[in-house]
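Taking it in order: structure first as structure tokens, then the write-up.
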2 protein chains.
Amino acid sequence: MTALADPTRRALIEGLRNGPLPVCDLARTVPVSRPAVSQHLRVLTDAGLLVVAQHGTRRLYSIAPDGVAELRAYLDHLWDDALTCFARTASQEAARTDAKSAPPPKGLRLNNVRH
Amino acid sequence: MTALADPTRRALIEGLRNGPLPVCDLARTVPVSRPAVSQHLRVLTDAGLLVVAQHGTRRLYSIAPDGVAELRAYLDHLWDDALTCFARTASQEAARTDAKSAPPPKGLRLNNVRH
DNA sequence: AAACTCTGTCAGTCATGACTTACCGTAAGT
DNA sequence: ACTTACGGTAAGTCATGACTGACAGAGTTT
């Protein structure tokens with residue numbers, strides 16, 4: 001997740017959406033030096049988001065579906081939890097305003113509930 | 001995406017998976033000071049990943065499904081592209097080794113194809 | 001109203017990491 | 001063999017941002 005934090009790294013990923021590319025071509029798509037690109041590619045590869053294939057002096061980088069799938073799964077679960085939690089909070093809200101026939105929450109009586 | 005880069009921020013998100021929580025409770029789940037938590041919560045809220053509900057002096061933070069959905073969509077598209085690209089590369093590989101009946105790639109003849 | 005709790009913000013420090021230049025190894029072309 | 005292209009690594013600089021303590025404002029309780 002930290003690997004996708006840097007905008008330059010995201011730009012490199014974007015550059016690889018259409019297919020594998022060698023470092024020299026990739027470096028031309030971002031406004032930083034080639035060594036910087038190498039360092040970013042290393043971070044992305046270590047994170048499992050890219051894979052490399054050596055062809056002569058060139059190294060073709062491409063997106064690793066498995067690595068992306070991992071992040072996807074994380075966000076999927078997070079999203080599920082957020083939705084169920086949202087639904088539960090909403091139903092509780094409805095039940096409460098139902099029972100007490102709409103007195104403004106105002107304080108919500110959860111102060112000083114130190115355990 | 002940068003919002004989820006920091007491990008402390010991810011820990012805060014994790015703490016909210018089970019439901020909304022005030023800052024003081026949230027701060028107890030991470031090994032940093034309360035002001036630091038406030039700052040992280042601001043970043044996450046600005047990123048659209050959290051929403052706040054004021055209840056008296058307390059501010060209940062909860063995960064915003066919409067914000068998570070946005071990241072999810074980004075990774076979904078990235079994953080799709082990676083898969084199709086992977087499939088295309090694989091089929092090209094197969095076609096090439098089919099046609100030339102398995103001579104080792106060794107160089108791949110894509111050097112000096114400067115446009 | 002006074003004391004207390006909850007929380008955001010400010011100023012300042014410090015560590016992380018993004019970037020550059022220089023260099024070296026490797027493979028391919030002449 | 002010599003040259004050139006490709007690309008990783010090292011050392012060093014610098015900016016970003018994560019963190020802390022101090023403070024202020026708003027709401028609650030007594």
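So that the names make sense, note that chain A is the first sequence line, chain B the second, and so on, each numbered from 1. On a predicted model such as this, the values are computed, not experimentally measured, just so you know.
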Separation of [N] [atom2] from [X] [atom1] (nearest whole Å):
X      : N       : atom1 : atom2 : result
L41(B) : dC6(C)  : CG    : P     : 15 Å
R9(B)  : dG17(D) : CZ    : C1'   : 9 Å
D46(B) : dT9(C)  : CG    : P     : 9 Å
L12(A) : dG7(D)  : CG    : P     : 13 Å
L44(A) : dG7(D)  : CG    : P     : 16 Å

Under-4.0 Å side-chain N/O to phosphate OP1/OP2 contact, [X] with [N]:
X      : N       : answer
T8(B)  : dC19(D) : yes
R58(A) : dA5(D)  : no
Y61(A) : dC6(D)  : no

Of the nucleotides [options], which one has an atom closest to the side chain of [X]?
X      : options                  : answer
R34(A) : dA18(D), dG7(D), dA18(C) : dG7(D)
R59(B) : dG8(C), dA18(D), dG8(D)  : dG8(C)
V32(B) : dC23(C), dT20(D), dG8(C) : dT20(D)
C24(A) : dG8(C), dT20(C), dG7(D)  : dG7(D)
R42(A) : dG8(D), dT9(D), dT9(C)   : dT9(D)
T57(A) : dT26(C), dT20(D), dG8(C) : dT26(C)
P35(B) : dC23(C), dT7(C), dA22(D) : dA22(D)

base_contact_polar (dT20(C) base, Q39(A) side chain, donor-acceptor, <3.5 Å): yes
5' priority, DNA chain C, between H40(A) and Q54(A) [closest heavy atom]: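 First, find each residue's nearest nucleotide; the 5'-ward one identifies H40(A).
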From L50(B), L44(B), L60(B), L49(B), residue fulfilling side chain to side chain contact (heavy atoms under 4.5 Å, CB included) relative to L16(B): L50(B)
Separation between CZ of R10(B) and NE2 of H40(B), rounded to the nearest 0.5 Å: 11.0 Å
Side-chain donor or acceptor of Q54(A) paired with backbone N/O of G56(A) under 3.5 Å: yes
Neighbour count above 12 (heavy atom, 6.0 Å) for R42(B) CZ: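 No, not enclosed.
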Within 6.0 Å of CZ in F86(B), more than 12 heavy atoms from elsewhere: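 Not buried by this count: 12 neighbours or fewer within 6.0 Å.
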